[in-house]
Amino acid sequence: SNSFNHCESLTTIDISNIQSTSNAGQTFQYCTKLTKIIGIEKLVATRTKVAHSIFEHCESLESIDISGWDTSGCNQLGTPSSYAYGGMFASCYKLKTITGLNNIKFSGLSGGSTNFSLGKFFRNCYELTSLDLSSWDVSKIVDFGEMFYGCKKLQTLNLTGWDVSLNTTYGGMFYGCTSLTEIKGTETWTKDATTTGMYQKTPLLNTYYVPLNDSSSGWYNNKIFTGDSSLASKTIVWKNEINYSFGLVNLTEPNGVYLSQKHVQDLIPEHLGDLTATGKTATLTLGGYSSYLTEDEIAQAVAKGWVVQ
């Protein structure tokens, strides 16, 4: 643990002759000029119990190969999003390639709830463009806060098959992923949890899947989309049995003021998610804006599975 922490002038290191340790946490944390690690495959093995924040602030590292790692015995691989320090690859600003991510297993997680976290795992990995994490079994994870925060060049993300049933926070999970055009897997998430800033500043996504019951709580209080100005052209799909109330929040402003006639006409019905194939039910509450929609427009919304009132 902390073996080379804050060795800020270190550029290359050979750890080929170093045996794996039970605690590899924060090994290269703040090695800001480190560009090459020889023998990294030996750092994490079956006897390793702690492996969080290993590369945090390795700001010059462009590629890393962890395909030789065995994390099956690790009981702590991540850190809670509330912690001051970050996750495994947090603030690796130049990191473009991570080989062996499929090798990361969470089967050995044990101990207190703080060990069951992937908070800030890839936070501010500016150069990553695509991640496929569909092989990860995250069924024990309780915290995904800020996991991909600030990954501004990330375009595609595959989270297919993720079981998020124990999660307590999605806060800031995709915040600032300004190039993200596709997230696979979120359409199956139904676990209601903290969603503050979950999709904030993700302007290129066309569909947002929000695991909340109540849209007014999601938009107005949790500010899932705060600061986004283009939501009127998006599709937003909420989970089962929701109240989709436009009278409480303004989708194009972060202040939660009432919608205008134009906003209602723009949003309904063409941008409502089609619920007919999902088995979900939802209520569209128009309040005083019902007169702004024609009977045909209301019929289109109803045809998509919405109850209009």
Side-chain angles (χ1 to χ4, degrees), residues 1-5 7 10 12-31 34-58 61-80 83 85-92 95-123 125 128 130-144 147-148 157-164 166-167 185:
S1 175
N2 298 285
S3 301
F4 305 100
N5 189 296
C7 290
L10 188 66
T12 303
I13 187 169
D14 186 345
I15 60 171
S16 300
N17 294 322
I18 296 178
Q19 293 185 344
S20 62
T21 176
S22 62
N23 187 348
Q26 302 169 291
T27 299
F28 301 106
Q29 191 180 45
Y30 283 96
C31 291
L34 187 62
T35 60
K36 187 175 184 180
I37 307 171
I38 302 168
I40 189 62
E41 68 276 1
K42 295 184 177 181
L43 182 64
V44 177
T46 52
R47 66 190 296 261
T48 305
K49 299 300 181 185
V50 179
H52 68 80
S53 310
I54 289 177
F55 305 106
E56 185 189 7
H57 277 284
C58 286
L61 201 61
E62 294 188 12
S63 64
I64 192 72
D65 186 348
I66 60 172
S67 56
W69 282 14
D70 182 348
T71 66
S72 60
C74 289
N75 60 26
Q76 186 177 8
L77 281 159
T79 54
Y83 277 27
Y85 53 85
M88 180 78 73
F89 303 101
S91 300
C92 290
L95 189 60
K96 297 178 180 180
T97 306
I98 309 171
T99 304
L101 279 174
N102 289 346
N103 270 22
I104 293 184
K105 311 295 182 186
F106 304 100
S107 54
L109 294 183
S110 61
S113 61
T114 56
N115 291 0
F116 296 87
S117 171
L118 290 178
K120 304 180 183 177
F121 207 80
F122 299 100
R123 192 182 198 272
C125 286
L128 290 178
S130 180
L131 286 171
D132 184 350
L133 307 177
S134 58
S135 66
W136 284 13
D137 178 0
V138 298
S139 57
K140 293 183 178 181
I141 304 301
V142 300
D143 182 351
F144 295 100
M147 187 173 181
F148 306 100
L157 185 58
N158 189 353
L159 310 178
T160 303
W162 276 27
D163 176 356
V164 298
L166 296 182
N167 184 37

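Counting begins at 1 with the first residue of the sequence. Excluded from the calculations below are hydrogen atoms, water molecules and symmetry mates; all remaining heavy atoms, backbone and side chain alike, are included.
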Testing the basics here: between [X] and [Y], what is the closest heavy-atom pair and its distance to 0.1 Å?
| X | Y | value |
| --- | --- | --- |
| Pro80 | Ser117 | CA-OG, 3.1 Å |
| Trp69 | Met88 | CZ3-CE, 4.0 Å |
| Ile15 | Ile40 | CD1-CA, 4.0 Å |
| Ile104 | Phe106 | CG2-CZ, 3.7 Å |
| Ile54 | Ala24 | CG1-O, 3.3 Å |
| Asn167 | Val142 | OD1-O, 3.0 Å |

Exercise. Start with the C-alpha distance between Phe144 and Val164, add both sets of side-chain angles, then the distance that settles side chain to side chain contact (heavy atoms under 4.5 Å, CB included), and finish with yes or no.
Key: CA-CA 9 Å; Phe144 295 100; Val164 298; 3.9 Å; yes
Value rounded to 0.5 Å, distance of [atom1] in [X] from [atom2] in [Y]:
| X | Y | atom1 | atom2 | result |
| --- | --- | --- | --- | --- |
| Cys92 | Ile64 | SG | CD1 | 8.5 Å |
| Leu34 | Ile13 | CG | CD1 | 7.0 Å |
| Gln26 | Ser3 | CD | OG | 10.5 Å |
| Asn75 | Lys140 | CG | NZ | 10.0 Å |
| Gln19 | Asn17 | CD | CG | 10.0 Å |
| Leu43 | Asp70 | CG | CG | 12.5 Å |

Side-chain donor or acceptor of [X] paired with backbone N/O of [Y] under 3.5 Å:
| X | Y | value |
| --- | --- | --- |
| Thr71 | Lys105 | yes |
| Trp162 | Leu133 | yes |
| Trp136 | Leu101 | yes |
| Thr48 | Thr21 | yes |

Exercise. From the options Ser67, Ser135, Ser134, select the one residue that forms a side-chain hydrogen bond (donor to acceptor under 3.5 Å, both in side chains) with Asn102.
Key: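 The residue from Ser67, Ser135, Ser134 that satisfies side-chain hydrogen bond (donor to acceptor under 3.5 Å, both in side chains) with Asn102 turns out to be Ser135.
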Quiz item: Is there side-chain contact between Phe28 and Ile37, with at least one heavy-atom pair below 4.5 Å?
Solution: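 Side chain of Phe28 against side chain of Ile37, heavy atoms only: contact under 4.5 Å found.
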Quiz item: Would you call Asp143 and Tyr83 a side-chain contact if the rule is heavy atoms closer than 4.5 Å?
Solution: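 Counting from C-beta outward, Asp143 and Tyr83 never come under 4.5 Å.
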Quiz item: In terms of heavy-atom contacts, does NZ of Lys96 have more than 12 from other residues, nucleotides or ligands at under 6.0 Å?
Solution: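 Counting other residues, nucleotides and ligands, NZ of Lys96 stays at 12 neighbours or fewer.
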Quiz prompt | Set of ring pair (Phe, Tyr, Trp, His ring centres under 6.0 Å) partners for Phe89, sequence neighbours left out | solution =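 With neighbours one apart ignored, the set is Phe55, Phe121, Phe122.
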